[in-house]
Amino acid sequence: MKILVTGGTGYIGSHTVVELQQEGFEVIIIDNLSNSQAEIADQIARITGIKPVLEIIDLTDKEKTSAFFKKHNDLSGIIHFAAYKAVGESVEQPLKYYTNNLCSLLNVLEGMKENGIENFVFSSSCTVYGQPDVLPVSENAPVKPAESPYGNTKQVSEEILTDTVNVSKLKAIALRYFNPIGAHESAEIGELPQGVPNNLVPYITQTAKGIRDYLRVWGNDYDTPDGTAIRDYIHVVDLAKAHVVAVKRMIEDKMKSNFEVFNLGTGTGYSVLDVIRAFEKTAGIKLNYRIMDRRPGDIVKVWADPAFSNKELGWKAEQGLEEMMASAWKWEQAYREKFKD
Ligand code: UD1
């Protein structure tokens, strides 16, 4: 069975391609390489022995997207990762985010409709919950007004899917990710941040490697046990595996409604200082960090209630924080040799 993975050379996409191939799916990737590299297809092949087909297409190009779907009208499903994801940049350049994230989604959905392709997995985010009133946060928690254009593109995308499944044969699953970190155990693929990372874990590993002087911890006066903000960090390979489960659920006709939403988290919240300590322990390195003011727009604490995903998908995140940090550190040490800037 053939699965299209858009954004398949990106961080989560590449890990998902590996898991799909290892489960026997044939994978085609579409990526415009705006935040990744074509060599990732070779790296994937080093793990699985199969180099996925990579089509370099910008999905905001309606004609090229439509031509792709005409050529590949035998797809069993689509996993749509292709999107911009930097929260701060989305505030500075909202139109760039709305155009890219929404036009690409619309063009893919049109292509599916024209060619009778029905199964669609969407890459959503726990950002749709904002600061939840109740923790842990379940799928039934209200969607809060988005804090950024990036977050809004996820909310609007889910609404587009809701409206479309009502009037067509489309079946969709939105997976709301908590904080994906870590890398494949082979250290052949992982996150490739461009420039100075915004996210915590790449910043930690780059600091440990000596690329950054020190980590800035954004605030230690929150209402949490140690004062630093709390997130539900999930190993990217656990996250990738959930996509395979979701695709199979659609293909095997096991969905309970034509649009389903699942949280992908571990159910455990860790503070920034917890993450630093776990890194120090697994890497055997003392990390240089300084406490700074709060980062504007940060949520204080959020972690998932994964009960519904665990039960309905028969999926559970398996790897703990130390395994996540160990794989992130192994990748940090390996990747600069593989991908020279
Ligand atoms: C953010 C977005 C999320 C998006 C994700 C991907 C929000 C509320 N969430 O997650 O929707 O999917 O980015 O890019 O905007 N931290 C530091 N120092 C650093 C970096 C981070 O202390 O140098 C802290 C942050 O304050 C936060 C935690 O580490 O408490 C995690 O931050 P980060 O990795 O940036 O992810 P989120 O902000 O949770």
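What you see is a predicted model; the values in this text were computed from it and never measured. Just follow the structure's listing: the first ligand is 1, and inside any ligand the first atom is 1.
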Among protein heavy atoms, which sits nearest to [atom], and what does the distance come to when rounded to 0.1 Å?
atom: atom 34 (O) of ligand 1; value: Leu200 N, 2.9 Å
atom: atom 36 (O) of ligand 1; value: Asn179 ND2, 3.2 Å
atom: atom 27 (C) of ligand 1; value: Arg231 NH2, 3.7 Å

Which one holds for [X] and ligand 1: side chain close, backbone close, both close, or neither close, with close meaning a heavy atom under 4.0 Å?
X: Asn199; answer: both
X: Glu147; answer: neither
X: Leu215; answer: side chain
X: Tyr233; answer: side chain

Contacting atoms of ligand 1, where contact means under 4.0 angstrom from a heavy atom of [X]:
X: Lys85; answer: 14 (O)
X: Val272; answer: 22 (O), 24 (C), 29 (O), 30 (O)
X: Ala229; answer: 30 (O)
X: Val217; answer: 22 (O)
X: Ile299; answer: 8 (C)
X: Thr127; answer: 11 (O)

Which option wins on minimum heavy-atom distance to atom 19 (C) of ligand 1: Tyr11, Trp218, Tyr203? Trp218
Ring centres of Tyr84 and Tyr150 under 6.0 Å apart? no
Aromatic ring centroids of His243 and Tyr177 under 6.0 Å? yes
Just to check, does Ser125 reach to within less than 4.0 Å of ligand 1 when the distance is taken from its heavy atoms? yes
Taking distance alone, with N or O pairs closer than 3.5 Å, would you say Gly297 contacts ligand 1? no
